[in-house]
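In what follows, a single structure is set out as structure tokens and then discussed.
Only a predicted model underlies this, so the values are computations on that prediction, with no experimental measurement involved. Lettering follows sequence order; numbering is per chain, from 1. Values below: all heavy atoms of this structure, side chains included; hydrogens, waters and symmetry mates excluded.
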Amino acid sequence: MAPAPRYRFAPSPTGFFHVGGARTALFNWALARSSGGTFVLRIEDTDDARNQPEWTQGIIDSLAWIGISAGDPHFEGPHFQSANANAHIGAAIRLFETGHAYFCDLTSEQIKARNDETGATGYVGYSRERNLGPGPDRVLRFRVPAGSTLVHDLVRGDVEFDNATIEDFVLLRSNGTPVFLLANVVDDVEMAISHVVRAEEHLPNTPKQQMIWRALGHEPPVWAHVPVLVNEQRKKLSKRRDKVALEQYRDEGYLADAMVNYLMTLGWSPGDHEIVPWSQIEPAFRLQDVNLSPAFFDVKKLGAFNGEYIRMMSVDQFVAACDPWIPAEWDRAKFAEIALHIQPRLVTLADAPGVVDFLFLADPVIDQDSWDTTFGADYATALLRQVTEAYETCAWDHLSLKTTMEDLMVSHEIKLGKASAGTRVAITGRTVGPPLFEALEVMGRDESLRRMRAALQRLAG
RNA sequence: GGCCCGUUCGUCUAGAGGCCUAGGACACCACCCUCUCAAGGUGGCGGCACGGGUUCGAAUCCCGUACGGGCUACCA
């Protein structure tokens with residue numbers, strides 16, 4: 001029986017967690033869990049000095065947010081590549097001893113100078129037959145064999161590389177430190193990684209890694225290169241130009257479930273319906289079904305998913321989920337009363353305070369345009385006066401408030417939409433917002449009347 | 001430049017030679033519902049990059065072209 005598969009996930013610690021990385025992590029996670037295998041987290045930086053503990057913690061936190069929990073039995077790690085430097089160097093020496101690698105004392109400048117003479121590009125095996133031993137200022141290079149290298153890729157099929165196009169690449173720098181390509185393979189071998197699922201950009205590196213695997217005496221793992229995520233210009237998502245930090249979406253009130261679900265629809269399809277819980281995605285995901293072409297990370301569609309997920313919550317869940325975005329001084333009970341009415345109106349949780357702030361502020365922030373257009377109507381001021389008067393004595397529940405206004409509007413021959421506009425602006429300062437009568441009920445008679453009278457005064461003055 | 005990968009509505013996708021008059025979702029538009037805005041409902045717009053093959057039959061297989069992207073460090 002074949003051993004349980006081991007999927008390695010190797011984000012580089014750069015201070016944030018990339019949405020593209022998140023998707024790759026989810027792919028690996030689904031595969032590891034549904035196969036009874038293991039998701040192996042490896043922090044990849046060969047230089048220990050660059051490993052920032054808080055960055056690693058950030059990655060672990062972000063993974064946990066999207067459901068990839070370090071406490072899960074299928075989760076292993078984090079492993080640190082830099083901690084394994086001795087093994088990397090040991091492997092390099094073995095490659096030298098077995099003739100798979102050789103030392104070279106040429107500097108980059110010297111190589112460039114030679115190339116200028118010969119018209120060659122890259123490193124063309126200048127020191128291959130010089131039988132140099134180890135020494136200061138010498139790099140160890142892999143002796144790329146003649147022939148070709150065939151990479152079996154679960155997503156893309158067989159890809160053949162002509163070895164003549166692959167230069168004798170460096171394994172050990174002149175200062176003796178291992179290069180990532182080597183470190184990677186050594187760690188993969190040591191951690192018994194069976195599947196390498198990563199972004200397409202790594203495909204050109206794969207023949208090199210595969211050659212190292214074989215030179216080290218091991219069969220390469222199963223490769224799978226998934227398409228990259230791109231921006232509207234169809235360029236790979238980059239930190240400089242694009243919003244790529246998963247943490248940022250979390251902080252803006254995108255739900256983890258929505259993000260996970262959306263990410264999984266990029267390059268793959270869960271089937272007849274695209275809004276599906278992870279419990280259905282996990283067993284359904286297969287690498288064979290992953291697309292070959294890059295996918296645009298569409299924040300608008302993410303927003304649509306997020307709205308769906310917000311609406312799927314119970315009101316209690318929704319209130320609890322909003323809490324981090326609600327200012328500390330706001331009355332929680334009052335927010336809970338209005339929550340039901342704003343739930344279907346949100347794209348992100350961060351939008352919540354903006355649509356109900358009028359309930360909590362000392363005075364509404366009057367939008368001048370809303371005010372001008374609303375009270376530009378000839379009936380508006382008179383009607384507001386009538387409504388204010390009636391609201392002094394009518395029952396204070398949204399149904400009574402509504403019928404009271406309906407009784408008053410008939411003489412003006414307008415519909416409720418126009419009739420309520422003046423009160424809405426007086427109360428909220430805007431023409432758009434949650435249902436007016438429910439908002440009035442939550443706000444209470446005293447404060448509502450105060451605002452309506454203030455509006456009348458402003459109209460008079 | 002070299003090597004590699006890719007190409008179905010604007011976007012994400014379904015599609016494994018006949019179920020395709022190419023299906024769904026987001027976006028957009030219209031209408032319905034409606035106290036505003038949303039949500040919800042109904043409908044609309046819109047696509048197989050191009051050219052050759054193979055086949056009775058091609059979005060699907062093959063070749064070429066075009067276009068796009070990725071990689072090309074003693075970074076990871």
Side-chain angles (χ1 to χ4, degrees), chain A residues 10-14 43-47 50 81 104 106-108 111 121-123 137-141 151 153 155-157 159-162 164-167 169-181 183-184 199-207 225 227-228 230 232-236 262 265-275 288-289 291-298 300-305 307-308 310-311 341-347 355 370 374 398 401-402 405-406 409 415-421 423-425 428 430-439:
Chain A
S12 49
T14 47
I43 303 299
E44 300 211 321
D45 201 315
T46 53
D47 183 352
R50 282 195 303 254
Q81 186 150 74
C104 173
L106 266 54
T107 64
S108 309
I111 293 166
T121 50
Y123 182 84
D137 297 325
R138 290 182 181 179
V139 298
L140 184 70
R141 287 183 179 272
V151 172
D153 189 294
V155 171
R156 328 192 84 83
V159 184
E160 190 175 10
F161 295 84
D162 183 351
T165 64
I166 301 171
E167 65 177 34
F169 52 92
V170 170
L171 296 173
L172 247 33
R173 301 186 185 93
S174 54
N175 66 5
T177 57
V179 116
F180 126 95
L181 204 65
N184 231 288
E200 184 192 358
E201 62 202 83
H202 295 286
L203 186 54
N205 272 334
T206 310
H225 291 89
V228 293
V230 297
E232 46 277 85
Q233 278 87 241
R234 302 253 115 208
K235 296 267 203 294
K236 192 176 73 170
Y262 174 63
T265 66
L266 263 25
W268 182 74
S269 165
D272 291 342
H273 302 282
E274 55 183 11
I275 303 282
Q288 296 91 315
D289 300 330
N291 274 173
L292 303 173
S293 47
F296 170 51
F297 186 83
D298 185 355
K300 222 162 181 182
K301 186 150 182 175
L302 203 216
F305 271 56
E308 285 273 334
I310 286 176
R311 275 169 252 131
H341 301 107
I342 68 167
Q343 191 173 354
R345 289 154 218 275
L346 298 185
V347 171
V355 314
S370 297
T374 300
H398 66 270
L401 292 164
K402 183 180 176 191
M405 184 172 295
E406 282 170 336
M409 77 191 187
K415 292 190 173 176
L416 190 54
K418 289 192 170 184
S420 59
T423 306
R424 182 183 293 282
V425 172
T428 72
R430 301 181 283 253
T431 51
V432 302
L436 177 63
F437 305 106
E438 283 79 354

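Here the side chain of A/Arg173 pairs a donor or acceptor atom with the backbone of A/Pro178 at under 3.5 angstrom. Looking only at distances, a side-chain donor or acceptor of A/Arg156 sits under 3.5 Å from a matching main-chain atom of A/Leu292. A/Thr428 places a side-chain N or O within 3.5 Å of a backbone atom of A/Arg430 that can act as its donor or acceptor partner. A/Asn291 places no side-chain N or O within 3.5 Å of a backbone atom of A/Ser293 that could act as its donor or acceptor partner. Formation of a donor-acceptor pair under 3.5 Å by the A/Gln343 side chain with backbone atoms of A/Ile310 is found in this model. Checking side-chain atoms of A/Tyr123 against main-chain N and O of A/Arg141 turns up no donor-acceptor pair under 3.5 Å.
Nucleic acid contact for A/Ser12: sugar-phosphate only, since backbone atoms but no base atoms lie under 4.0 Å from a heavy atom of the residue. Using a 4.0 Å heavy-atom cutoff across all strands shown, A/Lys236 reaches sugar-phosphate atoms only and no base atom. Among the protein residues, A/Gly303 comes within range of no part of the nucleic acid, since none of its heavy atoms lies under 4.0 Å from any strand. Contacts of A/Pro227 with the nucleic acid, taken as non-hydrogen atoms under 4.0 Å apart, are absent. A/Thr423 comes within 4.0 angstrom of no nucleic acid atom, judged by non-hydrogen atoms across all strands. As judged by a 4.0 angstrom heavy-atom cut-off over every strand, A/Pro294 is placed among residues touching the sugar-phosphate backbone only. Using a 4.0 Å heavy-atom criterion, one finds that A/Leu292 contacts the sugar-phosphate atoms exclusively. Heavy atoms of A/Val170 sit under 4.0 angstrom from primed sugar atoms or phosphate atoms, though from no base atom. A/Arg424 comes within contact range of at least one nucleobase, with a heavy-atom separation under 4.0 Å. Within the nucleic acid shown, A/Gly417 comes within 4.0 Å of sugar-phosphate atoms alone, with no base atom in reach, counting heavy atoms only. Residue A/Thr265 is classed as a sugar-phosphate contact, given heavy-atom separations below 4.0 Å to backbone atoms only. Residue-level contact check: A/Lys418 touches neither bases nor backbone, having no heavy atom under 4.0 Å from any strand. Nucleic acid contact for A/Ile310: none, since no nucleic acid atom lies under 4.0 Å from a heavy atom of the residue. Among the protein residues, A/Phe161 comes within range of the sugar-phosphate backbone only, with heavy atoms under 4.0 Å from sugar or phosphate atoms but none that close to a base.
For A/Ala295, whose side chain is taken as the heavy atoms from C-beta onward, the closest listed nucleotide among B/C5, B/U13, B/G70 is B/U13. Proximity note for A/Ser293 (side chain, C-beta onward) versus B/G6, B/A14, B/C35: the nearest is B/G6. Here the side chain of A/His202 is nearest to one of B/C35, B/C5, B/A76, namely B/A76. The side chain of A/Leu436 lies closest to B/C35 when the candidates are B/C35, B/C75, B/U11. In this structure, of B/C35, B/C74, B/A27, it is B/A27 that holds the atom nearest to the side chain of A/Ala304. Closest to the side chain of A/Pro204, out of B/C74, B/C71, B/C35, is B/C71. Distances were taken from every side-chain heavy atom of A/Val432 (C-beta onward) to each of B/C35, B/U36, B/A76; the shortest belongs to B/U36. Comparing atom distances between the A/Arg234 side chain and each of B/A76, B/G24, B/G69 picks out B/G69 as nearest. In this structure, of B/C71, B/C12, B/U13, it is B/U13 that holds the atom nearest to the side chain of A/Asn291. The side chain of A/Ser420 lies closest to B/C35, out of B/C74, B/C35, B/C5.
Partner assigned to B/G64 is B/C50, using Watson-Crick or G-U wobble distances below 3.5 angstrom.
Within 6.0 Å of the CG atom in A/Asp272, the count of heavy atoms belonging to other residues, nucleotides or ligands does not exceed 12.
Between A/Gln288 and A/His341, the residue anchored closer to the 5' end of RNA chain B is A/Gln288, taking for each the nucleotide with the nearest heavy atom. Comparing A/Asp162 and A/Arg311 by the nucleotide of RNA chain B whose heavy atom lies nearest to each, the residue mapping closer to the 5' end is A/Asp162.
B/G53 and B/G17: their P atoms are spaced 23 Å apart (whole Å). Between B/C3 and B/A73, the distance separating the two P atoms is 15 Å to the nearest Å. Across the C1' atoms, B/C48 and B/G10 are found 16 Å apart, a figure rounded to whole Å. Rounded to whole Å, the P atom of B/G15 lies 26 Å from the corresponding atom of B/G57. B/C74 and B/U11: their P atoms are spaced 38 Å apart (whole Å). For the C1' atom pair drawn from B/A27 and B/G46, the interatomic distance equals 12 Å after rounding to whole Å. B/G44 and B/C9: their C1' atoms are spaced 14 Å apart (whole Å). Look at the P atom in both B/C31 and B/U36: the space between them is 15 Å, to the nearest Å.
Between A/Leu203 atom CG and B/G6 atom C1' the separation is 11 Å, expressed in whole Å. Rounded to an integer number of Å, the gap from A/Glu201 CD to B/G6 P is 16 Å.
Taking only distance into account, the side chain of A/Glu167 never meets the base of B/C3 through a donor-acceptor pair shorter than 3.5 Å.
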